[in-house]
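Because the structure is predicted, anything quoted here is derived from the model rather than measured. We count residues from 1, following the sequence as given.
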Amino acid sequence: MLDFLRKIKQQRIVKQLTSLKRVKKMHNFDSAETIGIIFNVSTEENWKKVTHIVKIFEEYGKKVFLIGKINDKQPLDFLITNINVTLIHSKTDINWLGVPRMSAVKPFVDRKYDVLIDATLDSADFFPVFVVLNALADLKVSRGNHVDEDQKVYDLLIKMDSKTSEFDFLKQVIHYLTLINK
């Protein structure tokens, strides 16, 4: 019963936020200056791989901002050393309906992004969808595992195997952004 109520509330939020008009603009790797990445903070290895991708973007002069969700059941025993990171705690920043508190995501969604990348692996998690729908971005990118549902939210879907890591997905996003015509 709780899952049913959660799903209904989340569907209403998606319907409400997708009905708002927004200007979409296609960016390639050269034209994108500000990039936002949504990811899960699960392990130190995962964090190191994400920061490696961030360094690649920054070497090309891109400004990168991150928002990550921490699963409070797993202790965070490593340091997050990037100042452009917003961390969301699953226990305190997300309500029982799976909806993040707006005050928690506000530092991230108040910026304008040329490209916003949802690199999360869990397609059932509402956190990245909520962030994407509230963020002002010209191009919204994700993996396209649930194409019908995702087409409402994202502009570019890259079909990937469900076992593909966030790191490998981000490398593919870089690859596809370089292929887009200038």
Side-chain angles (χ1 to χ4, degrees), residues 1-22 24 34-44 46-47 49-51 53-54 63-146 149-157 162 165-166 169-170 173:
M1 179 69 168
L2 182 63
D3 288 337
F4 177 73
L5 292 174
R6 181 179 295 138
K7 190 73 171 163
I8 295 293
K9 177 63 175 173
Q10 291 174 357
Q11 287 173 346
R12 284 187 181 160
I13 291 171
V14 169
K15 184 176 182 180
Q16 178 187 18
L17 292 175
T18 55
S19 67
L20 300 174
K21 299 290 182 206
R22 72 182 250 281
K24 301 175 187 177
T34 308
I35 298 170
I37 300 175
I38 305 165
F39 71 105
N40 283 318
V41 182
S42 52
T43 64
E44 184 173 6
N46 186 31
W47 169 248
K49 288 180 178 181
V50 169
T51 55
I53 292 293
V54 168
K63 187 110 173 120
V64 182
F65 296 90
L66 303 162
I67 186 166
K69 184 174 113 178
I70 299 172
N71 183 352
D72 290 327
K73 294 177 184 171
Q74 298 172 328
L76 188 64
D77 55 356
F78 56 93
L79 293 175
I80 305 293
T81 57
N82 190 319
I83 61 167
N84 294 330
V85 177
T86 303
L87 295 176
I88 305 300
H89 297 269
S90 62
K91 195 176 234 179
T92 58
D93 295 329
I94 298 176
N95 68 19
W96 65 275
L97 292 169
V99 179
R101 287 185 304 114
M102 195 61 191
S103 61
V105 298
K106 191 169 178 49
F108 184 81
V109 300
D110 276 354
R111 290 185 181 86
K112 168 142 180 354
Y113 301 98
D114 295 325
V115 179
L116 181 61
I117 305 166
D118 174 5
T120 58
L121 299 174
D122 186 6
S123 61
D125 190 3
F126 188 66
F127 159 72
V129 174
F130 183 82
V131 171
V132 168
L133 288 172
N134 282 286
L136 181 60
D138 292 338
L139 179 64
K140 298 177 179 184
V141 182
S142 181
R143 49 178 88 222
N145 295 336
H146 298 69
E149 298 166 11
D150 292 342
Q151 284 179 340
K152 297 175 192 173
V153 179
Y154 302 100
D155 305 317
L156 177 62
L157 296 170
S162 61
S165 70
E166 291 176 344
F169 173 70
L170 288 168
V173 170

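In this structure, L116 and F108 have side chains that are in contact, with non-hydrogen atoms separated by less than 4.5 Å.
In plain terms, the two heavy atoms of Q10 and G98 that are nearest each other are NE2-CA, 3.9 Å. The heavy-atom pair separating T86 from A104 by the smallest distance is CG2-O, 3.6 Å. Among all heavy-atom pairs drawn from F39 and W47, the shortest one is CZ-CZ3, 3.6 Å. Of all heavy-atom pairs spanning V105 and P100, the tightest one is CG1-CB, 3.9 Å. In terms of heavy atoms, W96 sits closest to R6 at O-NH2, 2.9 Å.
Atom CZ of F65 is separated from atom CD1 of I35 by 11.0 Å, given to the nearest 0.5 angstrom. Within the model, atoms CG of L139 and CG of D114 stand 9.0 Å from one another, a figure rounded to the nearest 0.5 Å.
For T120, the side-chain hydrogen bond (donor to acceptor under 3.5 Å, both in side chains) partners two or more places apart in sequence, or in a different chain, are D118. Not counting sequence neighbours, the partners of S165 by the side-chain hydrogen bond (donor to acceptor under 3.5 Å, both in side chains) test are D168. For the salt bridge (charged side-chain N to carboxylate O under 4.0 Å, His left out) test, residues two or more places apart in sequence or in another chain that qualify with K49 are E45. Every residue meeting the side-chain hydrogen bond (donor to acceptor under 3.5 Å, both in side chains) condition with R101, not counting sequence neighbours, appears here in chain and number order: D93, S103. The side-chain contact (heavy atoms from CB on, under 4.5 Å) search around T92 returns H89, not counting sequence neighbours. By the side-chain contact (heavy atoms from CB on, under 4.5 Å) test, K24 is found to be paired with R22, D155, residues two or more places apart in sequence or in another chain being considered. The salt bridge (charged side-chain N to carboxylate O under 4.0 Å, His left out) search around K106 returns D110, not counting sequence neighbours. Every side-chain hydrogen bond (donor to acceptor under 3.5 Å, both in side chains) that K112 has, sequence neighbours left out, goes to D138.
Here the rule is side-chain contact (heavy atoms from CB on, under 4.5 Å) with I94, and of I88, D125, V99 only I88 fits it.
Under the 3.5 Å distance criterion, the side-chain polar atoms of R12 are left unmatched by any main-chain donor or acceptor of I8. Side-chain N or O atoms of E166 include one that pairs as donor or acceptor with a backbone N or O of N40 at under 3.5 Å. N46 places no side-chain N or O within 3.5 Å of a backbone atom of V41 that could act as its donor or acceptor partner.
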Distance-only donor-acceptor pairs under 3.5 Å for side chains of residues 126-134, two or more places apart:
unit_1	atom_1	unit_2	atom_2	d
N134	ND2	F130	O	2.8

inquiry  = For a side chain to side chain contact (heavy atoms under 4.5 Å, CB included) check, start with the C-alpha distance between L121 and R143, then their side-chain angles and the critical distance, and finish with the verdict.
reply    = CA-CA 9 Å; L121 299 174; R143 49 178 88 222; 3.1 Å; yes
